[in-house]
Amino acid sequence: MFFINSKLFKNILPFLFLLMPFFLVAGPFLSDLAVCVIAIYFVVNLFRKKYLFLINNNYFYFYIFFCSYFILCSLLSSNIILSLSSSLFYFRFGFFVLGSYILINEYKFIKKYFFISLFTI
């Protein structure tokens with residue numbers, strides 16, 4: 001828990017988000033790592049900073065239903081292990097979107113530099 005509260009971690013998060021287009025070009029490891037770190041940041045800050053309004057809407061409920069549907073279809077398939085390995089962790093992308101929303105609201109400079117990094121790629 002100390003690592004998540006440190007200033008170094010909070011200074012790295014915006015740069016992970018800004019480097020996301022470069023990570024997507026570089027390969028799956030760095031982009032998945034950035035997605036997971038930002039998703040964990042959202043989950044940790046969900047209750048601490050009063051971001052509950054982000055998960056109390058119809059879009060989030062639909063997303064949870066969508067992920068649950070994928071998991072249920074995976075459990076009913078003939079090869080459960082192979083099917084679950086590809087569909088079990090889709091929820092991290094929804095948490096990534098919500099974590100990105102928090103980062104954009106906390107750090108005002110992100111919008112400008114994110115579009116610059118997109119146009120550079």
Side-chain angles (χ1 to χ4, degrees):
M1 195 58 87
F2 173 74
F3 180 70
I4 293 174
N5 292 332
S6 71
K7 289 192 178 225
L8 177 66
F9 183 72
K10 289 184 179 182
N11 290 334
I12 289 175
L13 278 172
F15 295 109
L16 276 178
F17 183 74
L18 292 175
L19 291 173
M20 185 59 94
F22 298 103
F23 290 163
L24 289 171
V25 172
F29 173 72
L30 292 174
S31 60
D32 283 344
L33 180 68
V35 166
C36 290
V37 168
I38 293 173
I40 290 170
Y41 173 73
F42 168 73
V43 171
V44 167
N45 286 324
L46 180 64
F47 299 107
R48 184 179 304 156
K49 293 189 178 181
K50 308 291 189 229
Y51 290 116
L52 289 175
F53 70 94
L54 292 175
I55 63 170
N56 288 332
N57 60 28
N58 291 334
Y59 297 117
F60 186 75
Y61 294 142
F62 178 73
Y63 184 74
I64 294 298
F65 173 75
F66 191 67
C67 290
S68 301
Y69 174 73
F70 277 155
I71 292 172
L72 181 67
C73 287
S74 295
L75 290 173
L76 297 175
S77 70
S78 61
N79 193 351
I80 295 173
I81 302 295
L82 180 64
S83 183
L84 270 178
S85 68
S86 64
S87 67
L88 187 60
F89 294 106
Y90 276 145
F91 63 87
R92 74 178 186 258
F93 295 112
F95 290 155
F96 168 72
V97 169
L98 296 174
S100 299
Y101 175 78
I102 291 173
L103 285 174
I104 289 171
N105 282 338
E106 285 184 6
Y107 302 97
K108 300 299 181 190
F109 67 90
I110 284 184
K111 285 183 186 177
K112 176 184 173 185
Y113 291 116
F114 184 71
F115 288 119
I116 289 172
S117 67
L118 274 177
F119 288 127
T120 303
I121 290 298

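Residue numbers run from 1 in the order of the sequence given.
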Distance-minimising heavy-atom pair for [X] and [Y]:
| X | Y | value |
| --- | --- | --- |
| Phe60 | Asn57 | N-OD1, 2.9 Å |
| Gly99 | Ile38 | C-CG2, 3.8 Å |
| Leu16 | Ala34 | CD2-CB, 4.2 Å |
| Ile110 | Pro14 | CD1-CB, 3.8 Å |
| Asn45 | Tyr41 | ND2-CE1, 2.7 Å |
| Ser85 | Leu82 | OG-O, 2.7 Å |

Within one Ile-Leu-Val-Met-Phe-Trp-Tyr cluster: [X] and [Y], side-chain cutoff 4.5 Å:
| X | Y | value |
| --- | --- | --- |
| Val43 | Leu52 | yes |
| Tyr59 | Tyr51 | no |
| Phe95 | Phe62 | no |
| Ile64 | Phe53 | yes |
| Ile121 | Ile116 | yes |

[atom1]-[atom2] distance between [X] and [Y], expressed to the nearest 0.5 angstrom:
| X | Y | atom1 | atom2 | value |
| --- | --- | --- | --- | --- |
| Phe114 | Ser100 | CZ | OG | 8.0 Å |
| Leu75 | Ile80 | CG | CD1 | 6.5 Å |
| Leu24 | Leu19 | CG | CG | 11.0 Å |

### Task
Share the residues that join Leu76 in a hydrophobic cluster, the rule being Ile, Leu, Val, Met, Phe, Trp or Tyr side chains under 4.5 Å apart at the heavy-atom level.
Leu72

Are there more than 12 heavy atoms of other residues, nucleotides or ligands under 6.0 Å from atom [atom1] of [X]?
| X | atom1 | result |
| --- | --- | --- |
| Phe119 | CZ | no |
| Phe22 | CZ | yes |
| Ile81 | CD1 | no |
| Asn58 | CG | no |

### Query
Taking only residues two or more places apart in sequence or in another chain, which ones pass side chain to side chain donor-acceptor pair (under 3.5 Å) with Asn79?
none

### Query
Would Leu118 and Phe115 satisfy side chain to side chain contact (heavy atoms under 4.5 Å, CB included), going step by step from the backbone distance to the final call?
CA-CA 5 Å; Leu118 274 177; Phe115 288 119; 4.1 Å; yes

Do [X] and [Y] have side chains that get closer than 4.5 Å, going by heavy atoms?
| X | Y | answer |
| --- | --- | --- |
| Tyr61 | Ile55 | no |
| Phe15 | Leu18 | yes |
| Phe93 | Val35 | yes |

### Task
For this output row, return yes or no: ring centroids of Phe70 and Phe66 closer than 6.0 angstrom.
yes

### Query
Using the ring of each side chain (for Trp, its six-membered ring), is Phe17 parallel, tilted or perpendicular to Phe96, with breaks at 30° and 60°?
tilted

### Parallel, tilted or perpendicular, as decided by the 30° and 60° cut-offs, for the rings of Tyr107 and Phe109
perpendicular

### Message
Go through it in stages, so that I can follow the logic: the residues are Leu54 and Ile102, the test is side chain to side chain contact (heavy atoms under 4.5 Å, CB included), and I'd like the CA-CA distance, side-chain angles, deciding distance and then a yes or no.
### Response
CA-CA 10 Å; Leu54 292 175; Ile102 291 173; 4.0 Å; yes

### Query
Under the side-chain hydrogen bond (donor to acceptor under 3.5 Å, both in side chains) rule, what pairs show up with a residue in residues 109-121, not counting sequence neighbours?
none

